[in-house]
There are 2 protein chains.
Amino acid sequence: MARNVRTYDHFCVLARALEAVGDRWSLLVVRDLLSGPKRFTDLMARLGGITPKTLTQRLRELEDAGVVEADREPGRREVRYQLTPAGRELRSAVDELAGWGWRHAWRSPRSGEVIHAEHLLLVMSQVLSHETGDRRPTRWHLRFVDDGEYTMEDDGEQWSMVSTAPGGPVDVTVVGTMAAWADFVRDPTTARASGSSADLELSGSEAAVDRFTQLVGQFRQAVASHPSRRP
Amino acid sequence: MARNVRTYDHFCVLARALEAVGDRWSLLVVRDLLSGPKRFTDLMARLGGITPKTLTQRLRELEDAGVVEADREPGRREVRYQLTPAGRELRSAVDELAGWGWRHAWRSPRSGEVIHAEHLLLVMSQVLSHETGDRRPTRWHLRFVDDGEYTMEDDGEQWSMVSTAPGGPVDVTVVGTMAAWADFVRDPTTARASGSSADLELSGSEAAVDRFTQLVGQFRQAVASHPSRRP
DNA sequence: CTGGATCCATGATGATACTG
DNA sequence: CAGTATCATCATGGATCCAG
């Protein structure tokens, strides 16, 4: 008789947690739902490489575990998946793992590796939270015409990111394409000086925009100079 | 061409971390090494259900990821596996996941579920850290004649556990078998009153032993009254 | 005895195509 | 849009065996 591969049968809280969210892809689904509710196809797009079969299975398992709930309204095609309160409580565990990943498992992107706005902003939150000294309550609004709308926020303690419009006054607003944003992260001055259609529009007070540019620059440098284990 | 199942190819720190420690069993290996170095067979005993093939594979992968290092000394039979500094930095992530597991994924032990001293002490650390108000620097020394030696310690911020002898003065020393300890956790007064060979020896000041008994009792109650999702 | 390696069976995942 | 169906491949578990 084969043991159930979905359990560990250990008397251990960590094993229990991993039975709920330790399967391949599970925590990445949680990651993408931490920034807000998503539809099945939204998740498919962000979880590059997952198959619909596996995504369906993970969503069902996460529902059973009380981590995810599906919002199905009659008369509406879309199903909106969102985290339950228990699921939202995974944020600190995800942050700790992400922080460790940045410090010890980072590597430069491989060719063909798709860069999603949300994931870039997640790395950025980690780096800005832990590797810059310039901290004060700050709110940025980023609108990617081809990849949704995000708010990045420093409450003075840590940076976080959600995929909704800001819930208060913003210091800087960024509008443009995802590609322009990637360019800007790669080299702020060039991207800003160029007059091409790939430009980003930055608005806000001069001081706030300067600080934004500076922090993005620090992030860029951190990524560039990171002692990746496998470059 | 099949994608490599061991990578996600996301530009994402969390995905990078999960490529290193997200495989089945990996974080449980880290869990068991967080309390100190272990031999292959020690790990086999604690990771109930893992096969030697899988454990070998996980250890090699964790070595490649820079999380684990093998200490092979010439002329010595044993191989001692231990965490690297990067591996030790996984403690906070493991703690966060374990805390979530206690709050949202706990269930009573199934019949046949092996209880290991270390794992019981890990749950206990979580519960004492987060569900009791009675906090002060405390150090307990537990010697299980059949399952090693452990130190549990509250630095005033949180409880932790290592599988070594204490590095300082202890408030309470516990000596006995694993079974006696399990009995004691189940019902302190009965186990203590009984004169059977299953007894635990508790030593320390009367106040310290009383407090120990009381905290274990709180843990026992927490486990008993826990609103398990699947009892 | 420790620290594995080998063989086979089964379950989990991926690729691709298709449907209500 | 939100999945199913089918087939192929890979990872894991169970059992057994082996070298130092």
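Please read all numbers here as calculations on a predicted model, not as lab measurements. Letters A, B, ... are given to chains in the order of the sequence lines, protein chains preceding strands, and every chain is numbered from 1.
Only A:Arg77, A:Glu78, A:Val79, A:Tyr81, listed by number, bring a heavy atom of residues 74-82 of chain A to less than 4.0 angstrom from any atom of DNA chain D. Interface residues of residues 34-41 of chain A facing DNA chain D, ordered by number: A:Arg39, A:Phe40, A:Thr41; criterion, heavy-atom separation under 4.0 Å.
Counting any heavy atom pair closer than 4.0 Å across all strands shown, A:Thr54 reaches sugar-phosphate atoms only and no base atom.
For the pair B:Thr56 and A:Thr51, both in contact range of DNA chain C, the more 5′-proximal nearest nucleotide belongs to B:Thr56. The residue among A:Leu59 and A:Lys53 whose nearest nucleotide of DNA chain D is located toward the 5' end is A:Leu59. The nearest heavy atom of DNA chain C to B:Arg60 and to A:Gln57 marks one nucleotide each, and the one closer to the 5' end goes with B:Arg60.
Take B:Glu201 and apply the salt bridge (Lys or Arg N to Asp or Glu O under 4.0 Å) test, not counting sequence neighbours, and it matches no residue. B:Thr164 pairs by the side chain to side chain contact (heavy atoms under 4.5 Å, CB included) definition with B:Val162, not counting sequence neighbours. Taking B:Asp42 as the reference, B:Lys38, B:Arg39, B:Arg46 meet the side chain to side chain contact (heavy atoms under 4.5 Å, CB included) condition, with sequence neighbours excluded. A:Trp102 pairs by the ring pair (Phe, Tyr, Trp, His ring centres under 6.0 Å) definition with A:Trp106, A:His226, not counting sequence neighbours. Residues forming a ring pair (Phe, Tyr, Trp, His ring centres under 6.0 Å) with A:Phe219 (at least two apart in sequence, or on another chain): none. Applying the ring pair (Phe, Tyr, Trp, His ring centres under 6.0 Å) criterion to A:His116, with sequence neighbours excluded, gives A:His119. Remark: A:Phe40 engages no residue in a ring pair (Phe, Tyr, Trp, His ring centres under 6.0 Å) (not counting sequence neighbours).
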Next item on the list: Go through the steps to decide whether A:Tyr150 and A:Trp140 satisfy the test ring-ring contact (aromatic ring centres under 6.0 Å, His included), and finish with yes or no.
Entry: CA-CA 8 Å; A:Tyr150 304 91; A:Trp140 298 336; over 10 Å; no
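Summarising the geometry, the separation between CG on B:Leu43 and P on C:dG4 is reported as 11 Å, rounded to the nearest angstrom. Atom-to-atom, CG of A:Leu55 to P of D:dA5 comes out at 16 Å; the value is rounded to the nearest Å. One atom, CD of A:Glu19, and another, P of C:dA12, lie 14 Å apart when rounded to the nearest Å. With rounding to whole Å, A:Asp9 atom CG is found 10 Å from D:dG14 atom P. Rounded to whole angstrom, the span from the CD atom of A:Glu73 across to the P atom of D:dC1 amounts to 17 Å. In this structure, CZ of A:Arg58 is placed 18 Å from C1' of D:dA2, rounded to the nearest angstrom. Atom CD1 of A:Ile50 is separated from atom C1' of D:dG3 by 13 Å (rounded to the nearest Å). Rounding to whole angstrom units, CE of residue B:Met44 and C1' of C:dC1 are separated by 15 Å.
In this model, the phosphate group of D:dA2 is not approached by any side-chain N or O of A:Arg72 to a distance below 4.0 Å at OP1 or OP2. One finds a side-chain N or O of A:Trp25 lying less than 4.0 angstrom from the OP1 or OP2 phosphate oxygen of C:dG14. A close approach under 4.0 Å does occur between a side-chain nitrogen or oxygen of B:Arg24 and OP1 or OP2 of D:dG13.
For the helix from C:dC1-D:dG20 to C:dG20-D:dC1, the terminal axes (five pairs an end, C1' atoms, rotation from four pairs onto the next four) enclose an angle of 40°, given to 10 degrees.
With A:Trp159 contributing its side chain and A:Leu121 its backbone, the two residues share no donor-acceptor pair below 3.5 Å.
Taking a 6.0 Å sphere around CZ of A:Arg143, one finds it holds 12 or fewer heavy atoms contributed by other residues, nucleotides or ligands.
For residues 81-90 of chain A, every residue pair satisfying the salt bridge (Lys or Arg N to Asp or Glu O under 4.0 Å) rule, not counting sequence neighbours, is listed here: A:Glu89-B:Arg103. Each side chain to side chain donor-acceptor pair (under 3.5 Å) pair with one or both residues in residues 12-23 of chain B, not counting sequence neighbours, appears once here: A:Arg107-B:Glu19, A:Glu113-B:Arg16, B:Arg6-B:Asp23.
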